[in-house]
*Asks:* 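First the structure, which I've put down as structure tokens, then a few questions once you've had a look.
Fair warning: this is a prediction, and the values are worked out from it, not measured in the lab. Whatever order the structure lists ligands and atoms in, that order sets their numbers, starting from 1. Hydrogens, waters and symmetry mates play no part in the numbers below; they use all other heavy atoms, side chains included.
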Amino acid sequence: MQELGRLEDLPQDYRDDLKHLNLVPLWPSLRAVLPPKVPTRQTQPTCWAYQDIKPLLLKAGDLTPIEKAERRVLVLANPGHGLENMKASAAMYLGMQLLLPGEWAPSHRHTPNAVRMIVEGEGAYTTVGGEKCPMRRGDLILTPTGLWHEHGHDGTDPVVWLDVLDLPLVYYMEASYHINGERQTVVPGRGDQQYARGGVVPTSVFERSKKAYPMLRYAWTDAKAALESMAADNPAQETVQVTYINPETGGDAENILGFYALMLRPGQTLRLPARSPAQVFHIIEGQVQAHIVDSTFRMVEADTCCAPGYEAVTLKNLNAHQAAFVFIADESPLHRKLGVYENRG
Ligand code: 1HN
């Protein structure tokens, strides 16, 4: 490939003239912004063990009262992006949030979309757009763009969840902001009850739901049952996976990031193809080895790792007798909408 001219090849007075006029020559940077065949990725395969996070998160509970934090979170930051940038990948933010019994994380709404994957503890709830969603291990709760949300805890033990947001993308777009609000009034009509079974949705005689996000809580008991029934129905099916969708549209649950639950059969090794979106893997149940580029991570319940896009990932269920369950978040909806989605096999 043709070597392109460097900045240093240009006379200093010419470079000074350009700079003075806010002009930049393209050719010295062209290969950097448009590399051959595969994009440059700052996302490094990175694993965060819950065993390491939990004591530090509980310590944050002692060190920083909820009033001083609003959201008490330790961010899972990818060193490839620079820790201070708080990115797991180019478009994904990950954080582990702690809420202690009796605490209250006040109502706000913001432009980035969020979801919460409940990791540990009983008795907490989040109210989203007036809908009170109980938080139980493995549940997925949406707080899509613009919806009011607040967290409370009536239980007796600490509750921890994993937040996944498209904050890095929305911030990069210079479109990230929040508004604080009053405590919400809980209103009747819970999406997780209305849409509790796949395949059948509430009949609306006059029109479909007016809610852009009719389902906000996806109970783990239901997602797990769907995976187990799929696996039992077709023992030859290699990829036993479900997608969290909007039950009214059939489309992705949120606009930018995609969410999935994967079951690995006892002892199964599954190769996920190289696709353009970056991915996050969080173990809901079981022991899983993840092989990503040059890294091999041995993961147990509540551990989280991320993989750059354009790389195949191999997951292995390390337990020969029990299924493993993995929550996956990825950038597929974003890549598809922008027309850059690729599956390279
Ligand atoms: C947020 O609103 C929450 O509501 C958690 O729990 C993490 C990270 C960045 C921006 C907003 C929450 C967040 C966040």
*Asks:* So W220 and F325, do their side chains get closer than 4.5 Å, heavy atoms only?
*Replies:* yes
*Asks:* Is the terminal nitrogen or CZ of R137 (NZ for Lys, CZ for Arg) located under 6.0 angstrom from the six-membered ring centre of W161 and within 45° of that ring's axis?
*Replies:* no
*Asks:* Evaluate the ring planes of H151 and H149, with Trp represented by its six-membered ring, and classify them as parallel (under 30°), tilted (30 to 60°) or perpendicular (over 60°).
*Replies:* tilted
*Asks:* Which protein residues come within less than 4.0 angstrom of ligand 1, counting heavy atoms only?
*Replies:* R71, Y93, Q97, H108, H110, R116, H149, H151, D163, L165, L167
*Asks:* With sequence neighbours left out, write down each residue that passes side chain to side chain contact (heavy atoms under 4.5 Å, CB included) with E248, or none if nothing qualifies.
*Replies:* Y195, R208, S209, P214, N246
*Asks:* Any sub-3.5 Å donor-acceptor pair from E150's side-chain atoms to Q184's backbone N or O?
*Replies:* yes
*Asks:* Whether the side chain of R71 engages the backbone of A69 through a donor-acceptor N/O pair (distance < 3.5 Å, no angle test) should be reported.
*Replies:* no
